[in-house]
Amino acid sequence: MNKSDLIRLAIAKATEHNRGGKMTGKTVLGLAVIGVVVLVAFIAYRLILVELITSLSHK
């Protein structure tokens with residue numbers, strides 16, 4: 001193999017990887033779990049913030 005063949009092979013492998021593969025069930029489940037955790041953390045943060053503001057305003 002010469003240098004141009006190696007470059008062509010590297011380009012082919014890079015474009016093959018970037019074409020987008022199938023998303024497995026584990027990937028979809030992992031993304032869903034991460035999304036739910038972020039959503040729950042945001043809601044908890046908002047509730048704590050509202051509780052803090054209301055407790056400060058009652059004093």
Q: About how many Å separate CD1 of Ile48 and CG of Leu52, when rounded to the nearest 0.5 Å?
A: 9.5 Å
Q: Could you list who else is in Leu39's hydrophobic cluster, with ILVMFWY side chains joined at under 4.5 Å, directly or through other members?
A: Ile43, Leu47
Q: Supply the atom-to-atom distance Leu56 CG to Glu51 CD, rounded to the nearest 0.5 angstrom.
A: 10.0 Å
Q: Report yes or no: do Phe42 and Val50 belong to one cluster of Ile/Leu/Val/Met/Phe/Trp/Tyr joined by side chain heavy-atom distances under 4.5 Å?
A: no
Q: Asn2 versus Asp5: any side-chain heavy-atom pair under 4.5 Å?
A: yes
